[in-house]
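Notes follow once the structure below has been shown.
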Number of protein chains: 2
Amino acid sequence: MVNVSKMLNERSRKILCAVVQDYINFPDPVGSRTVARKYSLGISPATIRNIMADLEEMGFLKQPHSSAGRIPTDMGYRFYVDILISESGYIDRELIQDLYNRLEDLKDNIDMLFSETTKTISTLSHYLGVAMSPKPDIFTIKKVKLFQYGHDAVVITLFTEKGLIKNKLVSLDLELSQKDLNRIAGYINSEFAGYTIYEIRRKILNEMAKEKMMWDKLITKAMKICEEAFFSLQCELFISGLSGVLELPDFADLQKIKELSRAIEDKHTIIKLLDKLSELDGVQIIIGSENSIEEMKDFSVIVSACKDENRTVGTVGIVGPTRMNYPKAISIVHTAARFISEILTER
Amino acid sequence: MVNVSKMLNERSRKILCAVVQDYINFPDPVGSRTVARKYSLGISPATIRNIMADLEEMGFLKQPHSSAGRIPTDMGYRFYVDILISESGYIDRELIQDLYNRLEDLKDNIDMLFSETTKTISTLSHYLGVAMSPKPDIFTIKKVKLFQYGHDAVVITLFTEKGLIKNKLVSLDLELSQKDLNRIAGYINSEFAGYTIYEIRRKILNEMAKEKMMWDKLITKAMKICEEAFFSLQCELFISGLSGVLELPDFADLQKIKELSRAIEDKHTIIKLLDKLSELDGVQIIIGSENSIEEMKDFSVIVSACKDENRTVGTVGIVGPTRMNYPKAISIVHTAARFISEILTER
DNA sequence: CTTAGCACTCTCTATGGTCAAGTGCTAATA
DNA sequence: TATTAGCACTTGACCATAGAGAGTGCTAAG
């Protein structure tokens, strides 16, 4: 983050923020007269015009056409947001409380924690709510159980520390008695309990490479079963609130809507984006063209990972137009992430 | 279905179908001249005009404005579709083959059968693909397993005949040893194996009412566990292809898009709709205002249940504008439903 | 009953004029 | 020197008008 005070003096900064704020509240280009009238800065429209021209030259503002007011560029929003979070007095306590009350109800229903949080976020913000359940990779295995299924398949049931349970049907090319299966399960439990799935997969690969020849058949089978079962575990992505977003004036034209719907339909790309952002701490903000995803260059994304100690146990966020109520969106994402972190840490 | 030949003579019918077909191909009102030129019926535009006026009076056609060509009403589409399916020579073998090839790849991955089918349907039809997994209710229980989880919770694992496996964590207000759990599981298996979850729930409720007092504690617990586990099983709804649909000229105006997005966001309503339609055999077609859901009165829905004998094992469908390529859409839905039926019957 | 001919209706597009908002520039001012 | 008032200028939004094009309904003739 650049030291902004070096770039702009106090007055310019105030005017820039006034323009951004006004534009966020009312989706029309902001003129010098409006700034002078609404934001008592004690200077005339003419002076403001001069400064706004400077701000435009520096790339913070732009004009839709030569006789309109100014609107912020992505860089202008960025400046505004950086100031915002450095001030940190922007949090709306009432909003947070409201959000917390709504989320409170989800505590018992961990299955639907992410899907319902997504809905809550979207209704409260009027933007798109997104959430991603954690990759099961990061969970610690408590134990596994194995059962015969039919004559050539095995069901592996994974119990994790955090109360997540997963089944996986694995087809084998040979028959194993339930007794064999119990022995295999015993072996897996003794070796792997207490490790995360991610660690286990590493271990398996290592072992396989190291002492390939020395295993007995049973262990080979155990490894195969684990590898198949663990490999297929996926995270889930939830997106909610499209119809609400379409009511915003920012989506009055068809092109924007198409872009957005293309963007959210390509879930794989979004998962990758959220994944990358989840590695960082705190609320991440990506404004318009800062986004590397082509379809999202007209939108802003606010994301926060949910952390249990330093493991990511989920991701929540908001997607909306660049003309977004950033203070509100940031507060919501921050709060929801903290809430989910708490829920998933308690147990 | 009314006997259409009573209502319209051969020539009127041909003209009506010509208008519908032409409008489906090119989204502009169809004039008498166009019909005369493209569809060699051997009559002049003037005659066609007269007949079209009659068809309008009968409610099959309408004019966007008094000097435009005609477009079909929902009733017009209905007439066309009824004729279509009575002729049944409308099926595009090549399309079906293509679809079958694409679906073929999904055979191994039953987890993603419905989600992937939805995508395939939408890319092929250019409309919205929808699919609903069966309510787990209808599956036959093979066996259940119970495990302690922590000190006051139980994991129940359901194995069904069709290879569906479900876990459910049930919190209890008392502690049970694994030995107790095994006894309970044994009881459940002996009583319920071979029944569908739906039947079991009925049985439980009956039993509870009948001989409330006579049970020992263990059985009461068994009932409680089953009831909790079985109650929460839900079907899943998949929808795909929104961004593709937005490219259609029918969605050039914002209002339609909003309606559609509201409609598909209210998953509960759609599930109810599909559920109702799944009771019927064969491909169901709902055209515009025939739909009881307010938000969907501007769209058409083509749905078919996937059946295994007479149980519904899933539902697939297409949602699109009333100006839909019905032959194509019907063929796709019909084929996809048959495919899924086959997959889920085999095992 | 069918058809040719024609007047009529309606949308669509282009055109031009006015209005309001807001700018940039210049000259006056503190 | 920095600020401000004043003013000419630009531009999009809005509206009315006019002409072209498409298609109709009606009438009269075949």
Side-chain angles (χ1 to χ4, degrees), chain A residues 8-16 18-23 25-73 76 249-250 252-253 255, chain B residues 8-16 18-23 25-73 76 249-250 252-254:
Chain A
L8 295 179
N9 61 30
E10 177 75 10
R11 203 175 55 179
S12 304
R13 223 181 309 161
K14 275 193 177 158
I15 289 176
L16 176 51
V19 172
V20 175
Q21 263 180 48
D22 201 83
Y23 187 60
N25 290 327
F26 312 95
D28 303 303
V30 186
S32 55
R33 165 186 285 276
T34 310
V35 175
R37 194 166 9 92
K38 286 205 207 167
Y39 304 82
S40 33
L41 303 170
I43 39 178
S44 75
T47 311
I48 293 174
R49 273 205 289 284
N50 287 328
I51 297 171
M52 280 166 89
D54 296 344
L55 288 170
E56 175 160 9
E57 206 171 340
M58 284 185 272
F60 293 111
L61 296 177
K62 66 185 171 191
Q63 287 179 291
H65 56 86
S66 70
S67 76
R70 259 82 175 195
I71 62 177
T73 60
D250 310 75
D253 88 291
Q255 203 46 46
Chain B
L8 294 179
N9 60 31
E10 176 75 12
R11 202 174 56 177
S12 305
R13 223 182 310 161
K14 274 194 175 155
I15 289 175
L16 176 51
V19 172
V20 176
Q21 264 181 46
D22 202 83
Y23 186 60
N25 290 328
F26 312 95
D28 303 303
V30 186
S32 54
R33 163 187 287 277
T34 310
V35 175
R37 195 167 8 93
K38 285 204 207 166
Y39 304 81
S40 33
L41 303 171
I43 39 179
S44 76
T47 310
I48 294 174
R49 272 205 289 283
N50 287 329
I51 297 172
M52 280 165 88
D54 295 343
L55 288 169
E56 176 161 10
E57 207 170 337
M58 286 185 271
F60 292 112
L61 296 176
K62 67 184 170 192
Q63 287 179 291
H65 56 86
S66 69
S67 76
R70 259 84 175 192
I71 62 177
T73 60
D250 310 75
D253 90 290
L254 201 58

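What you are looking at is a predicted structure, and each value in this text was computed from that prediction instead of being measured.
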State, to 0.1 Å, how close [X] and [Y] come at their nearest heavy-atom pair, and which atoms those are.
X      : Y     : value
A/G69  : A/P64 : O-CD, 3.4 Å
A/Y23  : A/D28 : CD1-O, 3.3 Å
A/P249 : A/P27 : CG-CG, 3.7 Å

For nucleotides 19-22 of chain D, which of its nitrogen or oxygen atoms have a protein nitrogen or oxygen under 3.5 Å away, and what is each distance?
none

Of the nucleotides D/dG12, D/dG23, D/dT3, which one has an atom closest to the side chain of A/H65?
->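 Closest of the options to the side chain of A/H65: D/dG12.
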
Would you jot down, in residue-number order, the residues of residues 35-47 of chain B having a non-hydrogen atom under 4.0 Å from DNA chain C?
->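 Hits under 4.0 Å, by residue number: B/I43, B/S44, B/A46, B/T47.
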
Spacing of [X] atom [atom1] relative to [N] atom [atom2], expressed in whole Å:
X     : N      : atom1 : atom2 : value
A/N50 : D/dA5  : CG    : P     : 13 Å
A/I51 : D/dT3  : CD1   : P     : 7 Å
A/R49 : D/dA2  : CZ    : P     : 18 Å
B/D28 : D/dG23 : CG    : P     : 9 Å

Between A/L55 and A/L8, is a side-chain contact (heavy atoms from CB on, under 4.5 Å) present by the stated rule, with each step listed?
-> CA-CA 9 Å; A/L55 288 170; A/L8 295 179; 4.0 Å; yes

Once rounded to the nearest 0.5 Å, what's the spacing between atom [atom1] of [X] and atom [atom2] of [Y]?
X     : Y     : atom1 : atom2 : result
A/I71 : A/E56 : CD1   : CD    : 10.0 Å
B/K62 : B/R70 : NZ    : CZ    : 13.0 Å
A/E10 : A/I15 : CD    : CD1   : 11.0 Å

From the 5' end of DNA chain C to its 3' end, which nucleotides mark the outer limits of contact with chain A, defined by a 4.0 Å heavy-atom distance cut-off (strictly under)?
->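 On DNA chain C, the outermost contacted nucleotides are C/dA21 to C/dG24.
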
Between A/S66 and D/dT11, does any side-chain N or O lie under 4.0 Å from OP1 or OP2?
->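 For D/dT11, OP1 or OP2 has a side-chain N or O of A/S66 closer than 4.0 Å.
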
Would you say A/T73's side chain and A/G59's backbone share a donor-acceptor pair under 3.5 angstrom?
->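 Yes, A/T73 side chain to A/G59 backbone: donor-acceptor pair under 3.5 Å.
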
Cut-off 3.5 Å, no hydrogens considered: what does the side-chain donor-acceptor table look like for residues 44-54 of chain B, sequence neighbours left out?
| from | atom 1 | to | atom 2 | distance (Å) |
| --- | --- | --- | --- | --- |
| B/S44 | OG | B/A46 | N | 3.4 |
| B/S44 | OG | B/T47 | N | 3.4 |
| B/S44 | OG | B/T47 | OG1 | 3.3 |
| B/R49 | NH1 | B/S32 | OG | 3.3 |

What pairs with B/Q63 under side chain to side chain donor-acceptor pair (under 3.5 Å), at least two apart in sequence or on another chain?
->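 By the side chain to side chain donor-acceptor pair (under 3.5 Å) rule, B/Q63 matches no residue at all.
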
Atom pairs and distances, side-chain donor-acceptor, residues 33-42 of chain A, under 3.5 Å, sequence neighbours left out:
| from | atom 1 | to | atom 2 | distance (Å) |
| --- | --- | --- | --- | --- |
| A/K38 | NZ | A/D22 | OD1 | 2.9 |
| A/Y39 | OH | A/D22 | OD1 | 3.0 |

